[in-house]
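Have a look at the structure below before the remarks.
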Amino acid sequence: MTSGGGPMKECGYSEINTRGTSPMESPHKKKIAVKRKWEVFPGRNKFYCNGRIMMARQTGVFYLTLILILVTSGLFFAFDCPYLAVKITPAIPVIGGILVFFVMGTLLRTSFSDPGVLPRATPDEAADLERQIDVANGSTSGGYRPPPRTKEVVINGQTVKLKYCFTCKIFRPPRASHCSLCDNCVERFDHHCPWVGNCVGKRNYRFFYMFILSLSFLTVFIFAFVITHVILRSQQSGFLNALKDSPASVLEAVVCFFSVWSIVGLSGFHTYLISSNQTTNEDIKGSWSSKRGKENYNPYSYGNIFTNCCAALCGPLNPSLIDRRGIVQADMAQSVTPSNGLTMYGSTQSQSNMAAATPLLQTEPTTTTDEPPLPGKTTISAPCASLALGQPTPPSSMPNLNSETVLTDMIPLKEDLGNHQFLTPDEAPSPPGMLPANSPVTHSHTMHVLNLVSQDSLHEDSVRGLVKLSSV
């Protein structure tokens, strides 16, 4: 389209940002660095992969364990398996691979997981626990506090003492203990194993047992077939020539010979512990007796070897009690920017949140009728209908006064005809501050102010009435 025969000039338009910074909001707002809980974890642990991997601080022996397993298995697959697969059966490298895969999986699962660390008490919880201890020991604020801090619980008829941990500020649950290396209280603490680089507790004990058991089978498997390989070669070319042809077999045999006794013995010891439902910590201290009839019998044993094994190896795996990857909440309140581009601070924000959560502070719809207003009668909306967010809200103890109550205060009742002259709505005086009847503005705010003003007088009248009734 043209105007006056001439072409219209092209105009460029730029988008206007309606969500600009308000005067109270800084245009260069600093980004608050998000901190994870593993970064401020109080224990002596190492975390990797953003808190997904949790290990002890001393991990040197763990790397030695990895090197021994991987190097020995690698030499076996490189120098022994090709000969054994041809001379005996190709199933030997397959079985060896399955064992190595299972050993590495259980080792990493034991080393990288939470063993069952108990969270430390917060300052408020620690202070409350201190007050409970003071009351239980009968000590005053300035008195002497008895040194023993224990609680007693009864488990299957056996009295068990719960010890207080001065580091974690908690009463440790049964079978829990504080690891001095990791500086954590661990649930169902078994021991701290440097070979896996982690504590062994409630959440990783089954993986630790499967690791040492599968490692025992792998060590015996490699040692047996390395000896078989050397014997078969020595039958063909002599013993010395067999050692020269496969020097790696000698190294494998030496490593397996010196490690098989400790690994197999450790597997047998933990098999005994599982069958009796004990921990290494309890067995070393001699806490319980294996016989049921004695006074210090084990209250955690089910009395059946099969049931004890199923409870330790096949029971449900409890979730971790420490939220390692959780976000640390900042102490200072952060400003929240609503959709209209205005920043809310302090009481305004809290009141708006409270109004959104409390139905009494939300806006109620105003009921309107088609009837024309009577002369002298003011149209009154629902109480608190137009209470805007961010304005001071009435206290919760204030009675909910509606329009009828206000009109009752302004106009005398019919029962008082003897003492007062009845006034019609046209003759009723308008209270100060009210708008005229023909004003298009509703009087919800004005009536709400009247309710606040007449609150004290109504309260006094009601109290006097109650006193008169009670005296009668």
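Values reported hereafter were calculated over all heavy atoms of this structure, with side chains retained and with hydrogens, waters and symmetry mates removed.
With no hydrogens or angles considered, a side-chain donor-acceptor pair links D114 and S320 at under 3.5 Å. A side-chain donor-acceptor contact under 3.5 Å links D190 and T280. Residues S267 and S216 bring a donor and an acceptor atom of their side chains to less than 3.5 Å of each other. Side chains of D183 and H178: a donor-acceptor N/O pair is present below 3.5 angstrom, by distance only.
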Acceptor/donor pairs from residues 54-69 side chains to any protein atom, 3.5 angstrom cut, sequence neighbours excluded:
{"from": "T65", "atom 1": "OG1", "to": "V61", "atom 2": "O", "distance (Å)": "3.0"}
{"from": "T65", "atom 1": "OG1", "to": "W195", "atom 2": "O", "distance (Å)": "2.9"}

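Across all non-hydrogen atoms, the minimal contact from V200 to C193 is CG2-CB, 4.1 Å.
Residue-environment remark: CZ (F101) stays at or below the threshold of 12 foreign heavy atoms within 6.0 Å.
Residue F221 is tested with F223, F225, F217 for a ring pair (Phe, Tyr, Trp, His ring centres under 6.0 Å); the sole match is F225.
With sequence neighbours left out, R36 forms a side chain to side chain contact (heavy atoms under 4.5 Å, CB included) with W38, E39, N50, I327. Residues meeting the side chain to side chain contact (heavy atoms under 4.5 Å, CB included) test with C49, sequence neighbours left out: R52, I53.
Taking the centre and axis of the six-membered ring of Y205, the NZ or CZ atom of R188 falls inside the cone set by 45° and 6.0 Å.
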Item checked: side chain to side chain contact (heavy atoms under 4.5 Å, CB included) between N308 and S301, intermediate numbers included -> CA-CA 7 Å; N308 289 334; S301 177; 3.3 Å; yes
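Relative orientation of the F211 and F208 rings is tilted, given thresholds of 30° and 60° on the angle between their planes.
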